[in-house]
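Taking it in order: structure first as structure tokens, then the write-up.
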Amino acid sequence: MPLTKKELAGLIECGAAVNGRVRVSQILKSGKKVAGVETLKVELPKGKKFQPSLMRDCPGTEQLRKDFDAVIMAIGARPSLKPNGLQGVHYAGDSVNGPTTVVEAAAAGKNAAVEIDAWLSGEPKPEFGKRTKSHVVLPGRDLVPVSLETDFFGRRIPSPFLLSAAPPSDGYDQMKKAYEAGWAGGVMKTAFDNIPIHIPAEYMFAFTQNTYANCDNVSGHPLGRVCREIERLIQEYPDRLTMASTGGPVTGDDENDRKGWQSNTKKLEGCGVMGIEYSLSCPQGGDGTKGDIVSQDAELTAKIIGWVMEAGDANVPKLFKLTAAVTAIYPIITAIRAVLAKHPGKKAGVTLANTFPTLAFRKGKKKTWEEGVVVGMSGEGVIPISNLTLANVSKLGVTVSGNGGPMDYKSAAHFLALGAETVQFCTIVMKHGYGVAGDLHSGLSHLLQERGLKSVRELIGRALPDPVTGFMELSALKKISAVNADLCEHCGNCTRCPYLAITLDEDKVPVTDASKCIGCSICVQKCFSGALYMRERTKAELQQLCEA
């Protein structure tokens with residue numbers, strides 16, 4: 001790939017001569033040392049857009065240079081072997097196409113394999129529009145070997161994976177694109193009626209490549225518009241689960257507050273929505289009143305859920321979105337369960353664990369320091385919090401839609417194994433786009449196949465009833481780190497052992513001191529080459545360890 005301006009400037013500063021119009025035609029040697037190189041100038045034919053494979057030699061520009069003592073070979077060199085049309089011999093990659101990308105080389109290799117298969121089978125030679133593009137689907141390819149079909153409160157849905165109420169679900173166009181990409185359903189972004197909405201500019205944050213955050217609250221669309229879009233989506237995609245998210249006022253005036261929650265519920269039910277999620281926590285915004293932290297208050301949570309349940313249609317499922325940002329989730333779920341028990345014929349559950357309230361710094365108007373902004377953290381960084389919250393709720397008998405953090409099919413599978421009936425995604429869609437649904441579905445399906453499971457239903461709750469191994473139940477038998485020397489990169493990173501148990505031998509391979517290593521495994525966790533591993537101690541090594 002072309003040098004960046006910064007890279008070019010760095011090379012020139014170091015005294016390197018850069019020339020893209022000369023190639024090395026031969027390397028001369030004297031014994032085992034480089035004696036010089038023969039070079040030849042090259043040019044791009046007039047009128048042609050630059051492509052390495054189009055470059056041509058310039059006869060008469062040969063030059064011998066003896067001022068080199070080392071030569072570093074880079075990828076993309078032209079081959080000396082040329083296709084000669086010999087029957088049964090097939091060529092691919094740079095030998096045919098010249099220097100290309102790795103992806104194009106792989107595609108060319110696949111096309112060559114198809115040609116070989118046709119030749120061996122006595123079939124006509126296949127034609128390709130472009131040899132560096134592969135569109136051949138091999139027989140037996142099955143991206144979803146185990147059906148992911150499951151149900152949501154009795155409604156059959158194509159998979160347990162849904163879009164969370166977030167930017168990727170904020171409108172008909174977004175939901176349509178999601179459904180066309182294969183998503184089983186989604187919750188449209190939280191909307192209200194007759195409430196002024198403030199959505200900050202530049203409200204998205206990225207702590208790392210896989211941990212995002214936001215400081216917005218809800219959709220800027222009024223509930224009336226959302227209702228119209230829901231009707232259209234249900235008509236066009238009746239097999240998908242189209243849900244909506246809403247809420248209501250929390251002012252302390254119970255009579256008016258009740259009317260608000262119940263009115264929004266009735267409007268959504270009236271448009272035929274397949275389920276409603278209620279936002280009872282807003283980790284990243286709001287005015288700091290009770291309305292932001294309903295689900296941190298068990299009594300207030302129960303009161304609002306009671307308003308919704310007493311007025312809501314029994315056939316329209318209700319999910320109440322909570323937060324993991326509580327001292328203990330048990331009192332909240334216990335209060336919710338008591339309310340739901342009063343409405344045994346109505347479908348309801350909770351969404352856990354939502355984004356997590358955090359503080360992010362960015363450049364702002366403050367002169368004394370950066371601007372601190374409260375944001376709802378999601379993505380990879382919040383998964384462990386969600387896992388623990390789901391594990392704690394698993395014994396309480398409430399239907400759960402998992403939410404907050406999953407960035408791949410395996411983390412979603414953990415949610416399901418912890419008892420979640422469905423899993424909601426947001427960050428991964430904002431990062432990779434709606435098309436990631438196919439990868440998630442394929443990954444989960446192959447995981448089911450690998451584990452011998454025949455359905456999503458067999459996966460749900462598989463980590464229960466005891467999802468957590470207690471601290472005192474963890475083995476105290478201390479292993480010791482060992483090394484596969486063939487994999488070692490000799491970086492010395494392992495010598496940063498906090499117990500000072502690792503040194504390097506004369507070949508810069510790690511050696512573990514059995515008297516100091518307590519088997520914490522941090523060296524294995526951070527060994528990027530995979531050379532280090534943990535093994536059982538010998539009797540002698542057990543005797544050497546003394547922490548008294």
Side-chain angles (χ1 to χ4, degrees), residues 207-211 324 353 379-392 394-395 402 405-420 443-444 446-453 458-459 461-548:
F207 289 108
T208 68
Q209 289 188 348
N210 288 317
T211 301
E380 193 173 71
V382 79
I383 290 174
I385 299 172
S386 296
N387 284 341
L388 182 59
T389 304
L390 291 172
N392 288 336
S394 64
K395 298 179 180 181
M407 290 294 288
D408 53 44
Y409 73 88
K410 188 62 182 294
S411 56
H414 287 319
F415 276 25
L416 295 169
L418 287 169
L444 180 63
H446 280 89
L447 177 64
L448 293 177
Q449 183 184 55
E450 177 191 333
R451 299 292 177 94
L453 305 178
E458 291 186 23
L459 171 60
R462 195 162 183 81
L464 308 180
D466 300 308
V468 180
T469 301
F471 179 78
M472 296 306 295
E473 299 174 60
L474 297 174
S475 174
L477 187 61
K478 296 177 174 61
K479 294 182 178 181
I480 189 172
S481 64
V483 63
N484 181 338
D486 291 337
L487 297 178
C488 182
E489 294 290 341
H490 317 291
C491 66
N493 190 38
C494 52
T495 61
R496 297 187 178 95
C497 167
Y499 294 95
L500 309 180
I502 297 180
T503 55
L504 300 181
D505 65 14
E506 59 182 12
D507 295 320
K508 296 186 177 180
V509 174
V511 177
T512 302
D513 185 339
S515 67
K516 295 180 179 179
C517 174
I518 69 161
C520 75
S521 82
I522 187 62
C523 58
V524 174
Q525 304 291 342
K526 67 180 183 178
C527 179
F528 64 84
S529 69
L532 289 168
Y533 62 95
M534 301 301 294
R535 64 166 174 79
E536 301 291 338
R537 289 176 184 260
T538 64
K539 289 184 179 180
E541 290 169 338
L542 282 171
Q543 293 173 350
Q544 290 178 48
L545 178 60
C546 180
E547 298 181 86

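Here, residue 1 is the first one in the sequence, and each next residue gets the next number.
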Ignoring hydrogens, what is the shortest heavy-atom contact between [X] and [Y]? Give both atom names and the distance.
X: Ala501; Y: Cys497; result: N-SG, 3.4 Å
X: Val468; Y: Ala391; result: CG2-CB, 4.0 Å
X: Leu545; Y: Cys517; result: CD1-O, 3.7 Å
X: Leu500; Y: Lys516; result: O-CD, 3.3 Å
X: Arg535; Y: Ala482; result: NE-CB, 3.7 Å
X: Gly419; Y: Leu464; result: CA-CD1, 4.1 Å

Is there a donor-acceptor contact under 3.5 Å from the side chain of [X] to the main chain of [Y]?
X: Asp408; Y: Lys410; result: yes
X: Arg537; Y: Ala514; result: yes
X: Thr538; Y: Glu541; result: yes
X: Ser386; Y: Gly405; result: no
X: Thr211; Y: Gly381; result: yes

Nearest 0.5 Å please: distance from the [atom1] atom of [X] over to the [atom2] atom of [Y].
X: Ile522; Y: Leu532; atom1: CD1; atom2: CG; answer: 11.5 Å
X: His446; Y: Arg451; atom1: NE2; atom2: CZ; answer: 14.5 Å
X: Asn387; Y: Ile383; atom1: CG; atom2: CD1; answer: 7.0 Å
X: Ile480; Y: Ser521; atom1: CD1; atom2: OG; answer: 13.0 Å
X: Tyr409; Y: Leu416; atom1: OH; atom2: CG; answer: 13.5 Å

Checklist entry - Mind checking whether Arg462 and Leu453 have side chains closer than 4.5 Å, heavy atoms only? => result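 Yes, side chains in contact.
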Checklist entry - Would the number of heavy atoms belonging to other residues, nucleotides or ligands and lying under 6.0 Å from NZ of Lys395 be above 12? => result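 No.
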Item to check | Gln209 atom CD, neighbour heavy-atom count above 12 within 6.0 Å | outcome: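 Open.
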Item to check | Test side-chain contact (heavy atoms from CB on, under 4.5 Å) applied to Ile502 and Cys523, step by step | outcome: CA-CA 9 Å; Ile502 297 180; Cys523 58; 3.8 Å; yes
Next on the checklist: Leu504: which residues meet the side chain to side chain contact (heavy atoms under 4.5 Å, CB included) condition with it, sequence neighbours left out?
Outcome noted: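 Residues passing side chain to side chain contact (heavy atoms under 4.5 Å, CB included) with Leu504: Cys494, Thr495, Lys508, Pro510.
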Next on the checklist: Please list all pairs meeting side chain to side chain donor-acceptor pair (under 3.5 Å) that have one or both residues in residues 468-489, counting only residues at least two apart or in different chains.
Outcome noted: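 Side chain to side chain donor-acceptor pair (under 3.5 Å) check on residues 468-489 returns Ser481-Thr512.
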Item to check | Intermediate values then yes/no, side-chain contact (heavy atoms from CB on, under 4.5 Å), Asp513 and Tyr499 | outcome: CA-CA 10 Å; Asp513 185 339; Tyr499 294 95; over 6 Å; no
Item to check | Polar side chain donor-acceptor pair, Thr389 to Asn392, under 3.5 angstrom | outcome: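 No - no donor-acceptor pair under 3.5 Å links their side chains.
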Item to check | Pair Leu477-Glu536, side-chain contact (heavy atoms from CB on, under 4.5 Å): steps then yes or no | outcome: CA-CA 9 Å; Leu477 187 61; Glu536 301 291 338; 3.9 Å; yes
Item to check | Stepwise side-chain contact (heavy atoms from CB on, under 4.5 Å) test for Tyr533 and Cys527 | outcome: CA-CA 9 Å; Tyr533 62 95; Cys527 179; over 6 Å; no
